[in-house]
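Heads up, the thing below is written out as structure tokens.
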Amino acid sequence: AHRGATAEAARVVASGGGGTGSGAGVALAAEGSCAGSCGIDGRLRIWDVSPTDVKERIASTRPGVELETVVFHPELPGVVLGGIQQGNALVWFWDYQEEAFYDWGAFSTSLSRGVGAACFSGDGKMFAAGVGSFVITWKSSGKVATGRTVVKGHTSPVRTLAFSPDRKLLASGGDGKNSRVWTFGWLGASMKIKLKGHTDTLTTIDFSPNGQYLASGSHDRSVLVWDLANPSEKPMLTLTGHTGGVRLLKFGPDPSRLISISESGQLISWELPSGNRLNEIAFDVGGLATSLAVSQDLSKMAVGGLDGRVSF
């Protein structure tokens, strides 16, 4: 769906397309002209998205794999996929121009319960995945990932990850309700601060483009915002108004603007640091959204539904 569009303007481009059963995972490239979708049926698709049309560019299948997560590389024509097969969590890079897969890692059931989250740093040089209760980081060089590090600290599955704009910090959160901010040094990752305030699973987290603010959203229907210039366990702001669990947070190019989207398609735009509500829009997400993605300029949105539909 596009900014300012009505709820009826969302275009369903796939029934079960890229996802069936428990829903589809979706991602948008930063500029919003390209989208990706994946699902537990092992199907993955790349879409060309314009203001007037959506067309499938390429599709592939990972037989026997339940795909859970898809994220675009910031600079290359490729996505990283996370999924689970026979109890093992798997991570690949897919070059969809060459139609080639590159193995980035496999993790046994003793370490994981699937790939619940993934993200790149803005320059594409770092990648992180939530594998069960662990955060795994890689150094990314093109299609190759090296220097894998396991970051321990969570005791329950990780559901959301985000790098700060300068990639010096990594934020993580999940079923444990508290988010953590990690810093990287010669000896690896260490926890800088634990952020408290949510009463249910964290589903989304994002840094402002200037790195000053960190926002988190939860099934508890709230959005919490911290000022990292004056870090504290307690949030600077608690934003309420959603009638369902918060599924996605996204800062725009302006660090004073934050949008939050609920699983039912309620979008609220907020102004920081005041916390004032600027606007509210309702989108038809076909019941409940299991995955949401928004372009960097906040003008385009992709939705993966509980019924496996993908819409834009």
Residues that [X] engages under salt bridge (Lys or Arg N to Asp or Glu O under 4.0 Å), provided they are two or more places apart:
| X | result |
| --- | --- |
| Asp254 | none |
| Asp200 | none |
| Glu31 | none |
| Asp175 | Arg159 |

Run the side chain to side chain contact (heavy atoms under 4.5 Å, CB included) test against [X] and tell me which residues pass, sequence neighbours left out.
| X | result |
| --- | --- |
| Ala59 | Arg45, Glu56 |
| Val150 | Phe134, Ile136, Lys152 |
| Thr61 | Arg43, Pro63 |
| Glu75 | His73 |

So that I can tick it off, tell me whether [Y] and [X] are bridged by a salt bridge, with the cut-off set at under 4.0 angstrom between side-chain N and carboxylate O.
| X | Y | result |
| --- | --- | --- |
| Asp206 | Lys250 | no |
| Arg277 | Glu271 | no |
| Arg57 | Asp48 | yes |

Exercise: identify the closest heavy-atom pair between Ala171 and Ile205: CB-CD1, 3.7 Å
Linked hydrophobic residues, Leu278 as query - side chain contacts closer than 4.5 Å: none
Phe251: hydrophobic cluster co-members (side-chain, 4.5 Å): Tyr213, Val223, Val225, Met236, Leu237, Leu239, Val246, Leu249, Leu258, Ile268, Trp270, Leu272
Contacts of type ring-ring contact (aromatic ring centres under 6.0 Å, His included), residue Phe101, not counting sequence neighbours: Trp94
Transitive ILVMFWY side-chain link Val115 to Trp104, under 4.5 Å: yes
Sequence neighbours excluded, every pair satisfying ring-ring contact (aromatic ring centres under 6.0 Å, His included) that has a member inside residues 154-173: none
